[in-house]
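Accompanying notes for the structure given below.
Just so you know, ligand 1 is whichever comes first in the structure, and atom 1 is the first atom listed for that ligand.
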Amino acid sequence: MTVDVVTIFPAVVAEPLRAGVVGRAIDRGTLDVKVRDLRDFTSDRHRVVDDVPYGGGPGMVMKPDPFFRALDAIEADRGGPLTVVLTSPQGRPFTQAEAQRLSARPHLVLLCGRYEGFDDRVRERVTDELSIGDYVLSGGELPALVILDAVARLIPGVVGDEQSVVEESFSRGLLDFPQFTRPAEIAINGAGGAGDRVLKVPDVLLSGNHGAIRRWRKRAALARTLERRPDLLTDAILDEEEKELLKELQHGRD
Ligand code: JBZ
């Protein structure tokens, strides 16, 4: 997949992309990301990207022409038609299903906004307007990175162990089960003094009984989801054993 990110803060976008699985995918050429400076597509000496809003009011608005010129350059580079993603609070919620849809595209453009937003005419070239959540941010750079990370993980060869992507909580519609690693016991200092509490890994995980482990994990994932995100259970894809376990857990609650 090839991705173009258009921003007035190219370093903010480029640096995080060097880390972890996404960084390695870029090194290997599995993923090709070009971070483009919006100011390179201005035509005035001062490389101005913002202006006062028509009709008055506080703050500045991003000028449309640098975006149009950037999109023309990207289209000439990559060949059209482009999938152009705009991150904004007005977008539809970005979900794992949206990530899956976008991961099937050969090419993505991510437009990052700043200030009070874009001149609305930029939306003429936008195919998908997405929001990563209901909170106030300073710009679209972090949302673009969030979307790129979630989409990149779904491209074959980006995450080493394909199975772990398939088994991931949100792909199944459930929260993950609790994980543990060595040591099997740790002593922690409670309020009373030194080493007065021992935190143990659940015995079943040390038992070597893989059937029992699988069942414990299913139950734990369902219990956590029921406790923290019951809304997810509406759409979760459950096998027969999970449906039974969920019934048990729900009866235990009421
Ligand atoms: C987004 C103009 O800068 C912003 C401000 C908030 C914001 C974005 C861009 S993108 N929120 C979101 O994805 O929810």
Side-chain angles (χ1 to χ4, degrees), residues 1 3-17 19-20 22 31 33-42 44 46-71 73-74 82-105 107-155 168-171 229 231-232 235:
M1 175 185 274
V3 182
D4 290 88
V5 187
V6 181
T7 170
I8 60 168
F9 295 117
V12 168
V13 176
E15 202 56 32
L17 291 175
V22 171
L31 186 63
V33 184
K34 268 207 180 85
V35 182
R36 310 206 188 223
D37 188 341
L38 183 68
R39 291 188 197 279
D40 292 345
F41 303 97
T42 54
D44 64 308
H46 299 289
R47 298 169 35 106
V48 175
V49 293
D50 61 331
D51 204 343
V52 295
Y54 271 121
M60 300 292 272
V61 173
M62 296 194 88
K63 290 163 65 62
D65 6 336
F67 284 107
F68 283 103
R69 270 197 287 276
L71 288 168
I74 293 165
L82 299 173
T83 300
V84 180
V85 176
L86 178 85
T87 53
S88 98
Q90 288 80 47
R92 64 178 182 274
F94 179 65
T95 59
Q96 190 64 23
E98 289 288 345
Q100 256 149 19
R101 202 175 53 77
L102 293 175
S103 71
R105 305 290 162 86
H107 179 71
L108 294 180
V109 183
L110 295 164
L111 302 181
C112 307
R114 281 272 154 174
Y115 316 111
E116 302 312 305
F118 303 81
D119 182 301
D120 209 65
R121 290 167 290 184
V122 171
R123 290 187 167 85
E124 202 65 36
R125 301 281 292 269
V126 170
T127 58
D128 298 271
E129 188 165 349
L130 300 170
S131 167
I132 63 159
D134 296 335
Y135 26 78
V136 180
L137 297 171
S138 320
E141 283 76 13
L142 295 175
L145 285 167
V146 166
I147 291 171
L148 181 45
D149 190 84
V151 170
R153 298 178 56 79
L154 297 172
I155 298 164
E168 219 136 31
S169 63
F170 263 87
S171 301
R229 293 294 306 278
D231 57 298
L232 294 179
D235 292 333

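Below 4.0 Å from some heavy atom of Tyr115 lie the following atoms of ligand 1, by number and element: 2 (C). Counting the atoms of ligand 1 from 1 in the order shown, those under 4.0 Å from a heavy atom of Gly133 are 14 (O). Close approach to Gly113 involves these atoms of ligand 1, each under 4.0 Å from a residue heavy atom: 2 (C), 3 (O). Of all atoms in ligand 1, numbered sequentially from 1 with element shown, those under 4.0 Å from a heavy atom of Thr87 are 10 (S).
Ranking protein heavy atoms by distance to atom 14 (O) of ligand 1, first place goes to Ser131 OG, 2.8 Å. Of all protein heavy atoms, the one lying nearest to atom 5 (C) of ligand 1 is Leu137 O, 3.3 Å. When only non-hydrogen protein atoms are considered, atom 3 (O) of ligand 1 lies nearest to Gly139 CA, 3.2 Å. Protein heavy atom nearest atom 13 (O) of ligand 1, with residue, atom name and distance: Ile132 N, 2.9 Å.
Here the side chains of Leu108 and Asp4 are not in contact, with every heavy-atom distance at 4.5 Å or above. Considering only heavy atoms from C-beta on, Leu71 stays 4.5 Å or farther from Phe41 through its side chain. Within the 4.5 Å cutoff, no side-chain heavy atoms of Asp37 are placed close to those of Thr7.
Under 4.0 Å from ligand 1, not a single heavy atom of Glu116 appears.
Glu129 and Arg92 are not joined by a salt bridge, as no carboxylate oxygen comes within less than 4.0 angstrom of a charged side-chain nitrogen.
Applying the side chain to side chain donor-acceptor pair (under 3.5 Å) test to residues at least two apart or on different chains, the pairs with a partner in residues 54-69 are Ser43-Arg69.
In this structure, the side-chain contact (heavy atoms from CB on, under 4.5 Å) partners of Ala150, at least two apart in sequence or on a different chain, are Phe94, Ala99.
Side-chain N or O atoms of Asp44 include one that pairs as donor or acceptor with a backbone N or O of Val48 at under 3.5 Å.
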